[in-house]
Amino acid sequence: MTETNVFSARHLAEAYQFLNRHGAQAKVLRRAGTDLMVLYNSGSALPAALLDIWRVDELRGISDEGAHLKIGALATYTEIISNAHTRAYAPALIAASRTIGAIQIQNRGTLGGNIANGSPAGDSLPVLARV
Ligand SMILES: Cc1cc2nc3c(=O)[nH]c(=O)nc-3n(C[C@H](O)[C@H](O)[C@H](O)COP(=O)(O)OP(=O)(O)OC[C@H]3O[C@@H](n4cnc5c(N)ncnc54)[C@H](O)[C@@H]3O)c2cc1C
């Protein structure tokens, strides 16, 4: 059995160091991994290195930047649905977020994970492609 090196980063700088060290062998893991863990539970081999980014606060939050909204990669669908800025400026993203999985998936799945996973069935992608 091969071993997987799991690292839980607290800051972006630590995350980049880990990715630099492990190169193409590394995979980013968001603690729940609603896409990733389904893949591994269905028999795919674990990568040699997993980077857990759940505690990286720099990747959180939704803010109004004047000309645009800034949505952190760790924003969950529940946060997108309830946030005042997305309610004001991104109703289509809220509508798409409400269709994703059930409440449990909306509580844990992230926008960053949906984008990086790149599934043709990713529900946030058509909305983001139009913005
Ligand atoms: C029961 C169920 C129902 C679902 N229903 C839907 C649905 O209706 N619509 C839909 O679109 N999706 C659905 N999904 C898929 C999934 O929940 C979403 O794609 C979700 O947004 C993935 O987010 P995550 O944070 O869990 O990603 P993860 O599983 O942690 O990661 C997904 C991929 O992205 C990479 N990644 C994650 N975050 C980053 C980052 N910040 N930077 C770089 N790479 C990153 C990971 O390495 C991995 O390859 C469902 C999944 C389940 C289990």
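Both ligands and their constituent atoms are indexed starting at 1 by order of listing. Side chains are part of it too, since the values below use all heavy atoms of this structure and drop only hydrogens, waters and symmetry mates.
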List, one per line, each side-chain donor-acceptor pair under 3.5 Å for residues 114-124, sequence neighbours excluded.
residue, atom, partner, partner atom, Å
Asn114, OD1, Ser124, N, 3.2
Asn114, OD1, Ser124, OG, 2.7
Asn117, ND2, Asp35, OD1, 3.4
Asn117, ND2, Asp35, OD2, 3.1
Ser119, OG, Ala121, N, 2.9

Considering only distance and modelled atom types, tabulate donor-acceptor pairs under 3.5 Å from the side chains of residues 89-105, sequence neighbours left out.
residue, atom, partner, partner atom, Å
Ser97, OG, Leu93, O, 2.7
Thr99, OG1, Ala96, O, 2.7

Please identify each residue that fulfils side-chain contact (heavy atoms from CB on, under 4.5 Å) with Ala75, with sequence neighbours left out. Ile62, Ile71, Glu79, Ile80
CG (Leu51) and CD (Glu14) are apart, to the nearest 0.5 Å, by 9.5 Å
Gap between atom CZ of Arg60 and atom OG1 of Thr110 - 0.5 Å precision: 9.5 Å
Enter the distance from Leu111:CG to Leu128:CG here, rounded to the nearest 0.5 Å. 5.5 Å
Contact residues of ligand 1 (heavy atom under 4.0 Å), by chain and number: Lys27, Val28, Arg30, Gly33, Thr34, Asp35, Leu36, Val38, Ile53, Ala73, Tyr77, Thr99, Ile100, Gly101, Ile105, Gly109, Thr110, Gly113, Asn114, Ala116, Asn117, Ala121, Gly122, Asp123
